[in-house]
Each structure stands twice: as C-alpha cells, then as structure tokens.
Amino acid sequence: MTRMIILGPPGAGKGTQASGIAERYGIPAISTGDIFRANIKAGTPLGEQVKEITASGGLVPDELTNRIVADRLSQADAQEGFLLDGYPRNLGQVEALDTMLSATGQSLDVVLELVVDTEEVVQRLLKRAEIEGRVDDTEEVVRHRMDVYAEQTAPLSDAYEKRGLLRRVDGLGEVDEVATRINEALDAATGRA
Ligand code: AMP
C-alpha cells in the first residue's frame with residue numbers, strides 16, 4: 001500500500017521515472033498533464049476547456065483539476081496505492097488532496113522530489129520539443145512553466161518536508177542512475193527492504 005507524489009520542475013524526468021516506480025510498486029502512475037493531453041487529442045469538452053491554458057504554460061483552474069483527480073482516485077485501481085505526477089501543483093491543490101484522502105481514511109506515505117538545475121532542464125525540454133513536438137515546449141512557454149513552478153509548486157517541497165514526508169533525490173544523470181537513487185530513497189521511506 002503506497003501513496004506517493006513525485007515533485008520536480010518540468011523536464012526533471014518525472015514522467016519517465018514515474019513509470020518505473022509505478023511498475024515496481026504495482027500502482028498506477030497518474031499524471032494530470034497526460035489526462036489533459038489525452039482529452040485535448042480526443043477533442044473532448046474537457047480537452048477544449050484546457051487546450052489554451054496548457055498551451056500557454058499556465059495552470060488549469062484548481063476546481064477543474066481537483067475534480068479530475070478526485071474522480072481518478074476513486075477508481076478501483078487506485079485503491080491500493082498510486083503515484084501522482086504533476087499534481088498537486090499549488091498549496092490549494094495540496095489541501096484539496098488532503099480532503100479527498102481523509103474522506104476515505106487514506107493518507108500519503110511519501111513525497112519524492114527530483115532536484116535538478118533549472119537551466120539544465122530548460123535545455124532538456126527544448127530538446128524534447130524537437131522530438132515530441134509538444135506545443136508547450138517552446139522556449140517562451142518553457143520559461144513561463146518554470147516561473148509558475150518556482151512561484152506555485154516549489155513551496156510544496158517545504159510543506160511536505162514539515163510533515164516528514166519529503167525525500168529529495170538528485171535528478172541529474174542517466175535515467176538508470178536516477179532510478180537507482182529513487183529506489184533506494186523510496187525503499188528506505190516505505191520500509192521495503
Ligand atoms: P505536465 O505534463 O505535468 O507538465 O502538465 C502539462 C500542463 O498541464 C501544465 O503546464 C498545466 O497547464 C496543466 N496541468 C497539469 N497538471 C496540472 C495541475 N495539477 N494543475 C493545473 N494545471 C495542470
């Protein structure tokens with residue numbers, strides 16, 4: 001039973017590492033960014049609603065985002081644990097998540113933060129833009145997403161540290177190297193040998 005959050009700026013490698021962690025712990029990786037992108041691609045009403053804001057690198061309104069997460073967390077596969085990637089992203093969402101979990105007697109086990117150098121990840125994101133063609137990976141939008149992270153999401157690190165849930169891991173290096181560091185940190189935090 002493991003309920004986790006992965007924190008870190010855009011381009012820190014959260015998505016890649018989240019898949020590995022989720023597989024290892026047998027829990028679903030839930031990415032709000034992926035949910036929004038899937039809806040935009042499928043042309044759903046939700047997709048239409050979030051298209052512009054995600055393309056500009058701003059945050060989708062909390063009310064909408066919280067509702068989507070509450071719905072996702074109520075599904076059967078999330079009852080035995082989950083890994084949230086890209087949520088919560090501000091202190092209001094932290095509170096909303098607390099409310100969702102406590103309503104069913106659940107609580108978080110660990111918050112993992114991937115620590116990276118901002119300039120390094122900006123370069124990483126611009127490279128990813130060439131490969132994946134994401135509309136929110138232009139330099140201007142990338143810089144805006146970094147600012148939004150610094151202003152709204154970075155404070156979450158201290159908030160979870162105060163609760164004793166935070167584990168910081170150096171996110172710099174090859175995917176496998178970072179994965180090894182993550183596994184060590186999570187095994188220690190969750191009491192897995
Ligand atoms: P990501 O793939 O996590 O970088 O998310 C891509 C975009 O989706 C973000 O830049 C936001 O516009 C939107 N988004 C994802 N997660 C959230 C969230 N928790 N709150 C608000 N907006 C979000």
Side-chain angles (χ1 to χ4, degrees), residues 3-22 28-75 78 82-101 108 111-116 118 120-157 159-160 171 175 178:
R3 299 190 177 91
M4 302 192 247
I5 293 172
I6 186 164
L7 274 183
K14 292 192 300 297
T16 306
Q17 296 297 342
S19 313
I21 299 165
I30 300 173
S31 155
T32 40
D34 280 352
I35 294 172
F36 292 141
R37 278 185 290 278
N39 276 275
I40 292 166
K41 206 171 161 197
T44 67
L46 170 65
E48 284 303 315
Q49 249 178 302
V50 303
K51 204 168 166 177
E52 258 179 59
I53 190 105
T54 57
S56 72
L59 292 186
V60 171
D62 285 353
E63 199 192 88
L64 186 54
T65 308
N66 292 334
R67 213 175 333 125
I68 281 153
V69 173
D71 178 64
R72 182 64 188 86
L73 290 183
S74 72
Q75 290 172 23
F82 52 76
L83 171 62
L84 287 169
D85 163 11
Y87 182 93
R89 236 175 169 102
N90 59 31
L91 291 167
Q93 293 182 7
V94 168
E95 209 177 301
L97 178 62
D98 287 342
T99 307
M100 282 175 224
L101 294 180
L108 292 168
V111 177
L112 179 79
E113 180 179 4
L114 284 185
V115 180
V116 293
T118 310
E120 164 102 20
V121 293
V122 168
Q123 295 312 320
R124 218 195 261 190
L125 282 171
L126 295 178
K127 211 164 115 191
R128 183 172 80 183
E130 282 174 28
I131 301 164
E132 293 180 11
R134 268 177 62 156
V135 287
D136 56 352
D137 275 350
T138 64
E139 179 148 13
E140 194 192 340
V141 175
V142 164
R143 300 237 178 247
H144 180 54
R145 289 164 67 209
M146 287 300 174
D147 290 344
V148 170
Y149 187 86
E151 282 164 25
Q152 304 209 39
T153 314
L156 272 55
S157 172
Y160 284 124
V175 171
V178 178

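Atoms within a ligand are numbered from 1 in the order they appear, just like the ligands themselves. Small disclaimer: the values here were computed from a predicted structure and weren't measured.
Atom-to-atom distance recorded for Tyr160:OH and Ile5:CD1 is 3.5 Å, nearest 0.5 angstrom.
Judged as a salt bridge (Lys or Arg N to Asp or Glu O under 4.0 Å), and not counting sequence neighbours, Lys127 has no contacts. Legend: residues meeting salt bridge (Lys or Arg N to Asp or Glu O under 4.0 Å) with Glu139, ordered by chain and number and at least two apart, are Arg143.
Contact annotation: the side chain of Ile35 never approaches that of Val69 to less than 4.5 Å [non-hydrogen atoms, C-beta and beyond].
Looking at Val178, Val121, Leu7 one by one, the single match for side chain to side chain contact (heavy atoms under 4.5 Å, CB included) with Leu114 turns out to be Val178.
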Under 3.5 Å, N/O to N/O: give me all the pairs between ligand 1 and the protein, one per line with atom names and distance.
residue  : atom   : partner : partner atom : Å
ligand 1 : 2 (O)  : Arg37   : NH1          : 2.9
ligand 1 : 2 (O)  : Arg37   : NH2          : 3.0
ligand 1 : 3 (O)  : Arg89   : NH1          : 3.0
ligand 1 : 3 (O)  : Arg89   : NH2          : 3.3
ligand 1 : 4 (O)  : Arg89   : NH2          : 3.1
ligand 1 : 4 (O)  : Arg145  : NH2          : 3.2
ligand 1 : 12 (O) : Gly58   : O            : 2.5
ligand 1 : 16 (N) : Thr32   : OG1          : 2.7
ligand 1 : 16 (N) : Gly86   : O            : 3.3
ligand 1 : 16 (N) : Arg89   : NH1          : 3.1
ligand 1 : 19 (N) : Gly86   : O            : 2.9
ligand 1 : 19 (N) : Gln93   : OE1          : 3.0
ligand 1 : 20 (N) : Gln93   : NE2          : 2.9
ligand 1 : 22 (N) : Val60   : N            : 3.0

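Judged as a salt bridge (Lys or Arg N to Asp or Glu O under 4.0 Å), the pairs with a partner in residues 38-50 (not counting sequence neighbours) are, in order, Glu48-Lys51.
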